[in-house]
J.: 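Below is the structure I would like to discuss, written out as structure tokens.
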Amino acid sequence: MSEKTYPPSQEFAENAHIDAAKYDEMYAASIKDPEGFWAGHARDLDWIEPFTKVKNTSFKHGNVDIRWFEDGVLNVAANCIDRHLETRGDQTAIIFEPDDPEAAAQHITYKELHENVCRFANVLLSQGIMRGDRVVIYLPMIPEAAYAMLACARIGAVHSIVFAGFSADALANRINNSGAKVLITADEAPRGGRKTALKSNADAALLHCSDKVRCLVVKHTGGQTTWIQGRDIDLKAQMEQASPDCPARPMKAEDPLFILYTSGSTGQPKGVVHSSAGYLLYAGLTHKYDFDYHDGDVFWCTADVGWVTGHSYIIYGPLANGATTLMFEGVPTWPDASRFWQVCEKHKVNQFYTAPTAIRALMAQGKEPVEKCDLSALKLLGTVGEPINPEAWNWYNEVVGKGKLPIVDTWWQTETGGHLLTPLPGATATKPGSCTKPFFGIEPVILDATSGEEITETEAEGVLCIKDSWPGQMRTVYGDHERFEQTYFSDYKGYYFTGDGCRRDKDGYYWITGRVDDVINVSGHRMGTAEVESALVAHPDVAEAAVVGYPHDIKGQGIYAYVTVMNGVEETDALRKDLEKWVRSEIGPIAKPDIIQWAPGLPKTRSGKIMRRILRKIAENDFDTLGDTSTLADPAVVDDLIEKRKAQK
Ligand code: WTA
């Protein structure tokens, strides 16, 4: 935690969309008259039928209902593409930088984007996809992923992207939960010089799905795949034959645009549902103001489109603003640790947005890989996904930003659609590790975790909630509105509960202290400990498992699993390896436990509830503040766990 502040340079502030005075004025106006504020900005979108109603929202548990611009009609893809054709048809919309640095980058203009999206949409229509149908996308970071999303939006289908690092099982669950009619995948996903066999994962997933699900396959690497006649369709071949015109369907503002599955503290991942108009408006506005995006800039968000960051800040936000957005297929450290910076140099990137975990990994490689590249086009740096530690912030600032660039630390969630707490680079003096202040229209509050009372003093620490709705907010959990209300609106009545702990300092700056639930953040990837546990206990040798996060130098948090084996099973290294492999195949490589500790017993209350608080402390090597263990059914298990923890490296 650092109290040093970094005000925007005068030059930056003068050229920025928003300076300090304007932020204060606009923020106050947005809270005083949210309808006026949001209606004013929403009118900049291209409406087929203008809205007359602006905000109709309730956070009341039992009756949570969120609608924005509900009688308006528009099309998201038309807003991201068609409305730019006249003024910037020949401007690059997407720069595609392939995994292989020797392969040619592609520059896709808005006109070309239009043609490809129309062709893709016509292929979907020819497969019988209609408005409201779900389409699962399981693709590498290639232009077809963008075409697929926008093609769905164009015809009113609802896309649900599954990160290409998820396993066949995870993919099958999402196809089935969403009731998708089509899966879009590719033969292989090249990343860091290696190839993931996406199509064969898709084949394995589809064994568990309805045989009506069709599979559109992008022949990307040309790698060999099995082909099931009647089910598998060669997408590129179909696109070539399809018409390059496809009228954008008029959609209601509140029609769902996409579902994105994300981890919660309990149960299976939830399908977060986002709307059309409100989401698009919020993604676009935060992209423009928070990154101070100006016409002609090249914007690069390094996330994968499989995560919400990729949805909002590779595709929808930038394209809504007529931006040039970069899609990168590779990884930061291949062929070597200068890849990010080489891509910045090559494409003259102006705004660069990445995760603290990537910064830490690159920091470990020293300055040389950065310093050998020309980063003079950079105007702004951003981070997202987890709290950034001061060392990483300083390195980012000094080595990448040469001490001259604003850093925006943006706090938000899959559920929020876009940034809620963030500096505005021309307005806000930043403090390393703080996501600073609310975006327009956002009313953050800090509640006392036990009483649920709002802490009104400026200096406060507790749980972070939001007092009123904003257009980018999720609307429901797909197929389970009750779970939506239960998860976000039941613990603290009348507020949206974020699941994050937070401190507000004397200057009113917000500092996220991490999740207060059983969600962990591994390399910026959100994981539910319950998901990893249920994968582990599905193994025949495992009787019980408890998973917690622990501090990890590079990943932010690592996955720590306590495993109780079945009677008669031996606790061997071979079993440990097997469990790692098992979790990889049940969920995906990102869920592989970093440490597995054998636990003949787990600390439980007399009613049988696992005391995770204690397990967290033990995993953190913090044995002195375990708190009261006398209520445990068997307090002796704790000593045993501590002893075993000490024996770990
Ligand atoms: C965490 C990613 C601190 C937080 C956009 C949140 C952050 C969760 C930040 C959401 C940040 C995200 N500082 N923590 N700037 N950004 N988080 O849904 O715990 O993958 O609740 O969305 O990431 O993760 P999700």
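Quick caveat, the model's predicted, so the values are computed rather than measured. Atoms within each ligand, like the ligands themselves, are counted from 1 in listed order.
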J.: With heavy atoms under 4.0 Å as the rule, classify the contact between R515 and ligand 1 as side chain, backbone, both or neither.
T.: side chain
J.: Answer with yes or no whether the side chains of S160 and R134 bring together a donor and an acceptor at under 3.5 Å.
T.: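 Note: R134 and S160 side chains miss the donor-acceptor criterion.
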J.: Measure from the ring center of H61 to the ring center of F489 and say whether it is less than 6.0 Å.
T.: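 Judged by ring-centre distance (under 6.0 Å), H61 and F489 do not meet the cut-off.
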J.: For the pair R191 and E329, find out whether any cationic side-chain nitrogen is under 4.0 Å from an anionic carboxylate oxygen.
T.: no
J.: Within 45 degrees of the axis of the six-membered ring of Y550 and under 6.0 Å from its centre: does R616 put its NZ or CZ there?
T.: no
J.: What part of T410, side chain, backbone, both or neither, has a heavy atom within less than 4.0 angstrom of ligand 1?
T.: backbone
J.: Is it true that T410 and T422 share a donor-acceptor pair across their side chains at a distance under 3.5 Å?
T.: no
J.: Looking at ligand 1, would C435 count as a contact under a 4.0 Å heavy-atom criterion?
T.: no
J.: Considering distance alone, does some N or O of R526 sit under 3.5 Å from an N or O of ligand 1?
T.: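 Yes.
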J.: Near N521, which atoms of ligand 1 are under 4.0 Å from a heavy atom of that residue?
T.: 1 (C), 23 (O)
J.: Side chain, backbone, both or neither: which part of V519 comes within less than 4.0 Å of ligand 1 when only heavy atoms are counted?
T.: neither
J.: Could you list the atoms of ligand 1 found under 4.0 angstrom from a heavy atom of V384?
T.: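 Numbered from 1, ligand 1 contributes 5 (C).
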J.: Please work out whether the ring planes of Y353 and F299 are parallel, tilted or perpendicular, with thresholds of 30° and 60°.
T.: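 Taking F299 first and then Y353, their aromatic rings sit tilted (interplane angle of 30° to 60°).
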J.: Just go through G499, P387, G310 and tell me whose heavy atom is the nearest to atom 3 (C) of ligand 1.
T.: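 Considering heavy atoms of G499, P387, G310, the nearest to atom 3 (C) of ligand 1 sits in P387.
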J.: Report the nearest protein non-hydrogen atom to atom 4 (C) of ligand 1: residue, atom name, distance rounded to 0.1 Å.
T.: D500 OD2, 3.1 Å
J.: Among Q268, E531, H525, which one satisfies side chain to side chain donor-acceptor pair (under 3.5 Å) with S263?
T.: E531
J.: Taking 4.0 angstrom as the limit, do R515 and E386 come out as a salt bridge?
T.: no
J.: Check contact between W412 and ligand 1, using heavy atoms of the residue and a distance below 4.0 angstrom.
T.: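 True for this residue.
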J.: To which protein heavy atom is atom 25 (P) of ligand 1 closest, and what is the distance rounded to 0.1 Å?
T.: T414 OG1, 3.5 Å
J.: Note the single closest protein heavy atom to atom 1 (C) of ligand 1, along with its residue, its atom name and the distance in Å.
T.: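 The protein heavy atom lying closest is G385 O, 3.3 Å.
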J.: Only heavy atoms of T309, strictly under 4.0 Å: list the atoms of ligand 1 that pass.
T.: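 Result: 5 (C).
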J.: What atoms of ligand 1 come closer than 4.0 angstrom to any heavy atom of D409?
T.: 11 (C), 13 (N), 15 (N)
J.: Would K431 and Y509 count as a cation-pi pair here, with the cationic atom under 6.0 angstrom from the ring centre and within 45° of the axis?
T.: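 Verdict for Y509: a cation-pi partner in K431.
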